[in-house]
Amino acid sequence: MNDASRAQILKRLHAATQQQPVDTPEMADLPVELLTPPQKIETLKAHMEAVRTEVHVVAARDWTKLLKKILKKRDLKTLLYAPGTPVGSEVQKAWAEEPERLPELVSYKDNIENFKEQLFDIDAAVTSTVGGIAETGAVILWPDEKEPRLMSLVPPIHIAILQAAKIYTTFSEAIQAEDWAQKMPTNVVLISGPSKTADIELTLAFGVHGPKELIVLILKDE
Amino acid sequence: MSNDTGPNFQQNVSRALNDKQLRKNFKFAMGNFILKRKQIFSDESKTEQLRQVGNAIKRRVLSQLPQLLEELEEKCTRNGIQVHWAETTIEANQQVLRIMNAHQATRLVKGKSMVSEEMGLNEFLQQNKIEVVETDLGEFIIQLNDEKPSHIIVPAIHKNKQQIAEIFHQKLADTPYTEKVEELNAIARRILRQKFFNAQVGLSGVNFAVAETGTLCLVENEGNGRMSTTVPPVHIAVMGLEKVVEKLADIPPMLRLLTGSATGQLITTYVNMITSARKPGEKDGPKEVHLIILDNGRSEILADPQLRQTLQCIRCGTCLNHCPVYTRIGGHAYGFVYPGPIGKILNPQIEGLKKAGELATASSLCEACAEVCPVKIPIPQLLRRLRNESYASGSIATVKDGGYKKNVIETIGWKGWEMMNTHPHINAIGNKIMSRLGAKIPKIGPLKQWTRYRTAPKFAPKSLHQLVDEEGIQDE
């Protein structure tokens, strides 16, 4: 049944495009003004703050100190992190040095089928990013075995760590520079802010299904 | 919702026009959308460039649509996404059910999808004892109230918060009445989190499917789309076959056009790009991903060199927002899945002119939709074309029920008009008769209709020819 439908549909489509070819216009490239590194940070920060993301620019060696400060202010019980990633290792190290008044570190230790109950109960998660997009304001997440997809979605607070050097001016630039077309993973997600909706009278409200807070730390090498 | 002869459009329109609350809700929301779009597309020449690119990308897609779909299928299959083809909505529904049954699944969570509305998927699955939960907040609201979307982006926009508060209070157990939007959102969050947690299958639409990589792109703000496509062990994506694009590099401009046109956003909260099912070693994401590619008349639309432009649509809804007719009557009055200008050209082609052709008449051809369309679909031109097709005047097309309005009196009338205007002598006689008797023609039948809101023109005592002659000017 399925194969027959496939054949019929493709037959009609082939006939349509062969009998009456579609004329295709030349495509002009869109002009882009590449931003300087400081401009990229500023632009990304401004756009993301406009959709209620909390953005901090911090010296690379100090970021875990800032993370601790942010978390202490919120009085959380658990923080989901990814051991074995550069971000995860630094978190682990920082927690070992001074664990007081900090949320307990939890890792995504099992498949979702066995971890779901615990996952839906976690207060916050910290993840890495593979880059940012200045022009629209977004971070790029590239989840993998160590850093599963739901880390950035289920916990009410998501903290994303972004290297300043990995901010691109445009989305197109990011796709080209990293040759995405050759290596698309299971899932890539761009995130610009906390979950939001305007479905009731266009009144903007945050934290519908995903995180209620998105906190981005932009790490600058001094 | 619509039967064989189509909904009673005239009646729906009168009812909508008399509903003050409804008109107020739409006027407010559409005005807001227009303003937001303007802010995001403030530079006219840049916006025009971007629209040119959007148009070119979609035309390039249409020029090689079968090849791109074959490539998409190949890449998806290679990545472990199972591809299904459906000629009709019935077939697509059955494919969804078959997948559900294969997993003995009875609980489905849905992200927002207009194609699933086109399929009538919810009704079909419920008849088959499957619990279907809409998880987009707007869709959740109208599902509770057993309604259809009135807008393709903000489906519950016809309701104000008092009405929504009442729906929540009535339909959800232990829910006190509250008009606070934050509280209403929190109620939905609490209930739906449990649904995500327990769902066996998640279903979503597709905004763009990239042939080059076999990637499904989903755009959203709430996170319910990511929940539906990541938490349950099975994900089913449904798409109209026109949603394919050639390359990954096409996504950034299309995305800008979509989010800017739809909600006046630079980018949505989430852009979710799915290229495969869960791979060995990965800890979450569905173990099975299915893609259902739906035709439902689209391949026939592609055969017509003019009407095929309908397939460029990316479902942003901006033509609804800018339409003076839509703004006054809202989405339900149209009586079909796709409301507004895009619906006026799409529904008649999918459902046939007999059933939906009347929609094409509900336009003043003001061109607002064409001016804002991100992929430059000349909607007013296509509306005129469909009106002509209704009478099958000079048609080469295969629009379903073409010529359904053709009738003897009109045909004779137009033939007579043609003769009068191509034969000078008959024209002169005709003019003389009309100048004496024109005012006395009784206002019955179509003339009565026509003069209901218009003043009948007065025939001049002398024709232009005569006047020119009398002035002594040679007109030949």
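We use all heavy atoms of the structure for the numbers below, so side chains are in, but hydrogens, waters and symmetry mates are not.
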For [X], is it the side chain, the backbone, both or neither that has a heavy atom under 4.5 Å from a heavy atom of chain A?
X	value
B:Leu241	side chain
B:Ile274	both
B:Leu216	neither
B:Thr268	backbone
B:Lys287	side chain
B:Arg308	side chain
B:Glu73	side chain
B:Leu137	both
B:Leu62	both
B:Asn55	side chain

Leading residue by heavy atom contact count with chain A [cutoff under 4.5 Å; candidates [options]]:
options	answer
B:Leu69, B:Val231, B:Asn224	B:Asn224
B:Gly138, B:Ala156, B:Ala186	B:Gly138
B:Asn79, B:Thr213, B:Ile251	B:Thr213
B:Arg278, B:Lys279, B:Glu139, B:Lys283	B:Lys283
B:Arg298, B:Arg60, B:Met227, B:Lys247	B:Met227
B:Asn160, B:Val154, B:Thr88	B:Asn160

Smallest separation among heavy atoms of [X] and [Y], with atom names:
X	Y	result
A:Gln20	B:Pro305	OE1-CG, 3.4 Å
A:Ala138	B:Ile267	CB-CD1, 4.1 Å
B:Ala86	A:Ile9	O-CD1, 3.6 Å
B:Val181	A:Ala205	CG1-CB, 4.4 Å

Greater than 12 external heavy atoms within 6.0 Å of [X]'s [atom1]:
X	atom1	result
B:Lys195	NZ	no
B:Ile90	CD1	no
A:Glu113	CD	yes
A:Asp75	CG	no
A:Lys109	NZ	yes

Per-residue contact mode, [X] against chain B (heavy atom under 4.5 angstrom):
X	result
A:Pro211	both
A:Asp110	backbone
A:Glu201	both
A:Leu30	side chain
A:Pro25	both

Query raised in the report: Any residues in residues 170-189 of chain A near chain B, with a heavy-atom distance under 4.5 Å, and which are they?
Result: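 Listed by number, the contacting residues are A:Phe171, A:Ser172, A:Ile175, A:Trp180, A:Ala181, A:Met184, A:Pro185, A:Thr186, A:Asn187, A:Val188, A:Val189.
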**Report entry** Members of residues 116-131 of chain A whose heavy atoms come closer than 4.5 Å to chain B
**Finding:**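 Near chain B, by residue number: A:Lys116, A:Glu117, A:Phe120.
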Taking atom [atom1] of [X] and atom [atom2] of [Y], what is their separation to the nearest 0.5 Å?
X	Y	atom1	atom2	value
A:Ile200	B:Glu179	CD1	CD	11.0 Å
A:Asp199	B:Leu184	CG	CG	12.0 Å
B:Asn272	A:Leu141	CG	CG	11.0 Å
A:Leu150	B:Phe196	CG	CZ	11.0 Å

Query - Steps toward salt bridge (charged side-chain N to carboxylate O under 4.0 Å, His left out) verdict (A:Arg149, B:Glu282) - result: CA-CA 9 Å; A:Arg149 292 162 70 173; B:Glu282 290 175 350; over 6 Å; no
Does the side chain of [X] pick up a donor-acceptor pair with the side chain of [Y] at under 3.5 Å?
X	Y	answer
B:Arg226	A:Ser152	yes
A:Thr17	B:Gln64	no
B:Glu222	A:Ser195	no

Can you find a heavy atom in the side chain of [X] that is under 4.5 Å from one in the side chain of [Y]?
X	Y	value
B:Asp284	A:Asn111	no
A:Ile191	B:Val271	no
A:Leu202	B:Phe33	yes
A:Thr203	B:Lys161	no
B:Glu220	A:His209	no
A:Pro31	B:Gln49	yes
A:Thr136	B:Arg256	yes

Report summary line: Assert top hit (heavy-atom pairs under 4.5 Å, partner chain B, pool A:Lys146, A:Glu135, A:Met151, A:Glu26) equals A:Glu135
Report task. Report the residues that fulfil side-chain contact (heavy atoms from CB on, under 4.5 Å) with B:Thr269, sequence neighbours left out, ordered by chain and then residue number. Result -> A:Ser192, A:Lys196, B:Asn221
**Report entry** Intermediate values then yes/no, side-chain contact (heavy atoms from CB on, under 4.5 Å), A:Met27 and B:Gln52
**Finding:** CA-CA 8 Å; A:Met27 222 165 64; B:Gln52 296 275 13; over 6 Å; no
Requested in this report: Identify the residue among A:Arg12, A:Arg6, A:Gln8 that makes a side-chain hydrogen bond (donor to acceptor under 3.5 Å, both in side chains) with B:Glu87.
Outcome: A:Arg12
Report summary line: Quick note, side chain to side chain donor-acceptor pair (under 3.5 Å) partners involving residues 181-193 of chain B, not counting sequence neighbours, are B:Thr178-B:Glu183
